[in-house]
Number of protein chains: 2
Amino acid sequence: MTDLAPHELRILVAVDRDRSFTAAATALGMSQSAVSHAVRGCERKLGAVLFERGRHGARPTPAGAQAAAHARQILHLLATLATETRAAAQQTAELTGPLRIVAFRSAAAHLLPGVLARLTARHPGLEPELRIVREIGRGTAGEVADGHAELGIATLDAATGQSPSPSLPGLLAGRLFTEPYALAHPVGHPLPRTLPLVDWDENCGSYTRDWWRSQDWIPAATVNVEDDTVTLSLVAQGLGMSIMPALTLLGAPPGVAVTGLGPQPPTRTVGYVTTPALARTAAVRELIRELRSVPAPTLAPSV
Amino acid sequence: MTDLAPHELRILVAVDRDRSFTAAATALGMSQSAVSHAVRGCERKLGAVLFERGRHGARPTPAGAQAAAHARQILHLLATLATETRAAAQQTAELTGPLRIVAFRSAAAHLLPGVLARLTARHPGLEPELRIVREIGRGTAGEVADGHAELGIATLDAATGQSPSPSLPGLLAGRLFTEPYALAHPVGHPLPRTLPLVDWDENCGSYTRDWWRSQDWIPAATVNVEDDTVTLSLVAQGLGMSIMPALTLLGAPPGVAVTGLGPQPPTRTVGYVTTPALARTAAVRELIRELRSVPAPTLAPSV
DNA sequence: CGGCTTCCATGAAGGCTGCTCATGGAACGG
DNA sequence: CCGTTCCATGAGCAGCCTTCATGGAAGCCG
């Protein structure tokens, strides 16, 4: 049989994480030799080299990274099998266990606290862990695909409701809400359009690009920053204006005025991303249920 | 360890399907005793009764049905792990074709040879072509944007990790390392600060300008040359001194002494530039992987 | 350039685990 | 009451995983 045993999965994950047979072995409380034998066994079973051995430890090959990503997912499902089976035996709907969530900053700050509060109120045994991941590169969906999280909050393609990330097959996405962009500008500034536009890296622009095209003005200049909170600070200090989604604007400090962008503002769609297998687990289903019950953020009343 | 092994999962699924230990055993090609032992082992690990045994076989309890459902998912994922891992290995093994790379001179001379050697060692089918492009004007990023190369080595903005070039939209940049500048001066010269500063066109100064501002001396004169190797030659012949990045100084001829610029030297950030579409191709991904494994250059010991 | 250190690989030996075989107990039907 | 058909149980054996003890290769450093 070519299946990998749980202890082998654990070893793959540890080596992938520690980039070293020796470090993985001590982390797992066993000898380096055991790790070496186990990795070799995995490679024999799979017929592929999983790690490049060298002077500086072990680097995963593409095949190894792929295997480790699956291994993380499988190990979580094995743990879920145990907890959910025990729960079913006790006839109790009590959910327990860790639930790793990744989200971009504004969702983590304004969307998830309430959701997680309600979730843990109903299921005190759940241990949600929220991690902030910037929505660039493979973004939150990549974290889910790599088995680093059970569910990710991501920006989705508005039309298809799928993750727009480049080819992450096998992921399951669902739409939560579509929110408008709005203009954030300093309170009381007479001519906000003359200020430089502040954009931030994650706001890859694809959502607002169409809107810009239909406008008859272009900003005087553009400044790029890394973080949306920095953007808001710059705006609050009168150093610029910005086009930001409603969720981010919920955290706008005083000094930032918000103005809608008319009847057809640009929008972005926010949703969740998980795997089909995880979508069948009780914990993830409950989390999605809570997420769905959240209303779409609207523009805060202009200060 | 409470995890269920793959063979145990298979047994659970078979018993759940066949409603009988005996039938499951024959279906799996093993003895009824083995199934009995295995099921008992699962029940012990999970702490729950999974099947009701009776005269007419084995009926799954709710817990057993739950466990079997998860077991099917996990077995499917284990199979997926194997096939996708093999596919990933296959894909990287079959990498072939040309791979056009542009880089500024010092990266081409000191960074890429080792990288390309390792890359072609692992993927003999790849044919990397390295072209040197001066980092002025649109630089290497422009070559990538124009489709003349798959990947460029470029100097990036230290803060954002993006290409500092004037708005080449749609390009994907990634940071590789940040290296310090250092003072290159003739060996044995008593007063290097009295020599003229040799600057070269590519060293547009933006990286070192802040540092100069904090200094209490300014060079006697400034000479501009086209090429960093010319700069080094001038220094070696005692005709000047220069501030150059570590990567360039790796090629310093004898006669050039290198001195660090203190605890907070100016630095420049070197990275790669490609397009999102190319970043998805296996060849470019592998190249980036090799690039990332290169340590940041440090100052060669002063001769 | 040679020792030192730090990686991983390898082979032999021991213990654990899972399998089979043989047998026993329980329930049902004739 | 007997036969049949389930599953349970215990002993023995084979295979696997781990450890121990080495060895080889590759930097690091004087």
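Model, not experiment: these values are computed from the prediction. In what follows, every chain begins at residue 1, and chains take the letters A, B, ... in the order their sequences are listed.
Gln32(A) places its CD atom 7 Å from the P atom of dA9(C), with the value rounded to the nearest Å. As a whole-Å value, the separation of Glu52(A) CD from dA25(D) P is 19 Å. The separation between Arg59(B) atom CZ and dA27(C) atom C1' is 14 Å, rounded to whole Å. Arg19(A) places its CZ atom 13 Å from the P atom of dC8(C), with the value rounded to the nearest Å. The distance between atom NE2 of His7(A) and atom P of dG15(C), rounded to the nearest whole Å, is 19 Å. For the pair Met30(B) CE and dC21(C) P, the interatomic distance rounds to 13 Å; values are reported in whole Å. Taking atom CD1 of residue Ile11(A) and atom P of nucleotide dC17(D), one finds them 9 Å apart after rounding to whole Å. A straight line from CZ of Phe21(B) to P of dC19(C) spans 13 Å, rounded to a whole angstrom.
Using a 4.0 Å cut-off between a side-chain N of Lys or Arg and a carboxylate O of Asp or Glu, Glu43(B) and Arg53(B) qualify as a salt bridge. Using a 4.0 Å cut-off between charged side-chain N and carboxylate O, Glu129(B) and Arg100(B) make no salt bridge.
For dC8(C), its base never sits under 3.5 Å from the side chain of Ser36(A) at any donor and acceptor pair. Judged by distance alone, with hydrogens and angles left aside, Ser33(B) brings no side-chain donor or acceptor close enough to the base of dG18(C) to form a pair under 3.5 Å.
Among the nucleotides dG18(C), dT20(C), dC6(D), the one closest to any side-chain atom of Ala34(B) is dT20(C). The side chain of Arg55(B) has dC28(C) as its nearest neighbour among dC7(D), dC28(C), dA8(D). Of the listed nucleotides (dT18(D), dC17(D), dA8(D)), dT18(D) has the atom at the smallest distance from the side chain of His37(A). Taking the side chain of Ser31(A) as heavy atoms from C-beta on, and the options dT19(D), dC7(D), dC19(C), the nearest nucleotide is dT19(D).
Contact check, Arg40(A) against dC8(C): no side-chain N or O comes under 4.0 Å of OP1 or OP2. Distances shorter than 4.0 Å separate none of the side-chain N or O atoms of His56(A) from OP1 or OP2 on dT6(C). A sub-4.0 Å separation between OP1 or OP2 of dA27(C) and a side-chain N or O of Arg53(B) is absent.
To the nearest 0.5 Å, the span separating CZ on Arg72(A) from CZ on Arg17(A) amounts to 9.0 Å. In this structure, CG on Leu9(A) lies 9.5 Å from CD1 on Ile11(A), to the nearest 0.5 angstrom.
If you find the closest nucleotide of DNA chain D to Gly54(A) and to Ala5(A), the one lying nearer the 5' end belongs to Ala5(A). Mapped onto DNA chain C by nearest heavy atom, Arg44(B) and Thr22(A) fall at different nucleotides, with Thr22(A) at the one closer to the 5' end.
Residue-environment remark: NE2 (His76(B)) stays at or below the threshold of 12 foreign heavy atoms within 6.0 Å.
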